[in-house]
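Below you'll find the structure, written out as C-alpha cells, and then a few comments.
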Amino acid sequence: MLVRPSSRYLQPCNHVQRRYASINYLVAALAQNKAKFPEISPVKNSSKSKPIAKELPPKNLSRLVITPSALTEHFRQAEYTNFSVQQISEAQSFFNRAKVSLEWTLADYEEIPDIKYERLLEKRITSLNEIDPYYKTKYHESMLNSKKTFGIQPELLRPLPEVLLLGHTNVGKSSLLNNLIVNSDASEYAYVSQRAGYTKTINCYNIGRKLRVIDSPGYGQFGEAKQGKVVLDYISKRHLLRRVFILIDSVEGFRVEDMQMMDHLISEGVPFEVVFTKTDAVIGKYMPKKGIFNSQNNKKSDPQKRAEMSDMIAKSNEQVIAYYTRIIHEAKLHEVVTVPRLLFNNAATNRYIDKTHGFKEVRTTIMESCGLLK
Ligand SMILES: Nc1nc2c(ncn2[C@@H]2O[C@H](COP(=O)(O)OP(=O)(O)OP(=O)(O)O)[C@@H](O)[C@H]2O)c(=O)[nH]1
Ligand SMILES: [Mg+2]
C-alpha cells in the first residue's frame, strides 16, 4: 500500500526541511498544521454487516460481544480485499516458527550496524586511496578487498525488509511487539511499563531471518528530543523500511501528535497503516454492567431474559462502532489518497474480551508489506 500525498498535502511542507528535528519540534509546529485535519465530515460506509444477533442468543452471552477482529472487518476499506485463509495461516505459521532475536538496541541512527559498516568502509577506502602509490604495498591492496566487517557480526549486515512500530508514548507498541512474537522461539521480549516514555531506544527484532520489526520510543508526553531525532532519522533515511504501523490508543483517540506524525509520514512518502490498541478498554466501557456476563446468571436465565440481554449487548456493540466511526472521521483518514488499513487489537483481556485479538491481521499485513506473502 502506497500512501501518496493528496492535494491538501501538495503545499510546501515545513517538515520536509525540518526532517531532522525532534518529534517534540514537530509537536511545537502544530499550529501551522491544524488545518490539515479539519472538522468532522459526514460518515461514509456503515452498511456492512453489524455483529448484532437477535435470534437464539447463546448461553454464553459474551460470545455476542464485538471483537477487535470484527472491528477490523467492519472498518475494512473497499480497496483492501480480505487476506485469504491461506495467507493468514501462512503468516501465523511463519511467526510461530520463527527464531526471534533482539539484534540491536540503539539511541543513534548512525550506529545501526549496516549504516556504521558503510561509514567505516568508506573511511577505509578513502584513507587507502590517499596513500601515495609509491608507498602502496600488497597489504594495502588486500585491505581494499578485505571482507572484514570492523567487528560487526555479518548476520547484522544482511539486508532484510523492516517495519516500524510507531506511536505516542504508552500506546502499547512494546506490548504489540510481544504479542506478535509470543508463540515464536524468542530469546528476548520487549519491556512493557505503565510508565509512559519507557522505551528509550529503537530496538530491532530479527524475525526468522526474513524481516525485522523495530520497536521505537514514543512521541508526545514524556518523549524526549533525542529519541525523537533517532525515530525521525529512521523514518527519513532508512531505505529498508517497508511500512510504518502507527499505533493509536483507542481510549485516547487520535492526538494532535498523531496527526502531526501521519502528516510527516505522508510528506516523507512513507506508507503506513493504523493500529488501534487497547480496544478491550473501549469495548469494556460500552458493555452493560449489570452482571450479565456472569455465566451462572446466564445459565439460569430464561430465553426471554437472555434475548433482552442480547439486545443490550447489540446496542453496546453499535456504540463501540459509533465511537470508532467518530474518531476515524474526525481524523479525516478518508481524505488521504490511499486510506491506510485500520487494524484493531487488544494486548490485554477483561471480562468482555477474554483473549487477545487482532495479531493475526497485523502479522499478515507485516508479511504482505515485506513482500513475503504468496
Ligand atoms: N488494556 C490494555 N492495556 C494495554 C494494551 N496494550 C498495552 N497496554 C498497557 O499500556 C501500558 C503501556 O504499554 P507499552 O507496551 O509499554 O507501551 P509503549 O507504547 O511501548 O510505551 P513507551 O515505550 O513508553 O512509548 C502498559 O501498562 C500495558 O500493559 C491493551 O491492548 N489493552
Ligand atoms: Mg515501549
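Along the sequence shown, the residues carry numbers beginning at 1. Note that these values count all heavy atoms, side chains included, but never hydrogens, waters or copies made by symmetry. Counting starts at 1 for both ligands and their atoms, following the listed order.
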Test item: P113 and L106 side chains (from C-beta on) under 4.5 Å apart, heavy atoms:
yes
If we number the atoms of ligand 1 from 1 as shown, the ones under 4.0 Å from a heavy atom of N346 are 31 (O)
* May I ask you to test the R326-E330 pair for a side-chain heavy-atom distance under 4.5 Å? => yes
Hits for salt bridge (Lys or Arg N to Asp or Glu O under 4.0 Å) against R255, two or more places apart or cross-chain, chain-then-number order -> E252
Residue, atom and distance of the protein heavy atom nearest atom 23 (O) of ligand 1 read T199 OG1, 2.8 Å
Candidates K200, K173, K278, H168; heavy atom nearest atom 10 (O) of ligand 1 found on K278
Under 4.0 Å from one or more heavy atoms of G218, ligand 1 contributes atoms 25 (O)
- request: Would you indicate whether the side-chain heavy atoms of Q86 and K374 approach each other to under 4.5 Å?
  value: no
The option among P217, S216, S174, S175 carrying the non-hydrogen atom nearest to atom 7 (C) of ligand 1 is S175
Atom 1 (N) of ligand 1: closest protein heavy atom, distance to 0.1 Å, is D280 OD2, 2.8 Å
Taking every heavy atom of N350 against every heavy atom of A281, the minimum-distance pair comes out as ND2-N, 4.4 Å
Open item on the list: Is it the case that the side chain of K278 and the backbone of I248 share a donor-acceptor pair, with hydrogens and angles ignored and the cut-off at 3.5 Å?
Closed with: no
Does NZ in K123 sit with more than 12 non-hydrogen atoms of other residues, nucleotides or ligands closer than 6.0 Å? no
Protein N/O/S atoms closer than 2.8 Å to the Mg ion (ligand 2) number 2
Whether S193 lies under 4.0 Å from ligand 1, heavy atom: yes
Could you go step by step and tell me if K138 and E141 meet the salt bridge (Lys or Arg N to Asp or Glu O under 4.0 Å) rule?
CA-CA 5 Å; K138 284 200 165 150; E141 282 301 320; over 6 Å; no
I'd like to check L180 versus Y205 (side-chain heavy atoms, cut-off strictly below 4.5 Å). Are they in contact?
no
Ranked by distance from atom 17 (O) of ligand 1, the top protein heavy atom is G172 N, 3.1 Å
- [ ] Take the angle between the ring planes of Y324 and F75 and call it parallel below 30°, perpendicular above 60°, tilted in between.
- [x] perpendicular
for atom 31 (O) of ligand 1, nearest protein heavy atom and its distance come out as A347 N, 2.6 Å
Atom 21 (O) of ligand 1: closest protein heavy atom, distance to 0.1 Å, is N170 N, 3.0 Å
Requested in this report: Evaluate the side-chain proximity of T365 to F83: yes if any heavy-atom separation is below 4.5 Å, no if none is.
Outcome: yes
Atom 28 (C) of ligand 1 has as its nearest protein heavy atom V192 CG1, 3.8 Å
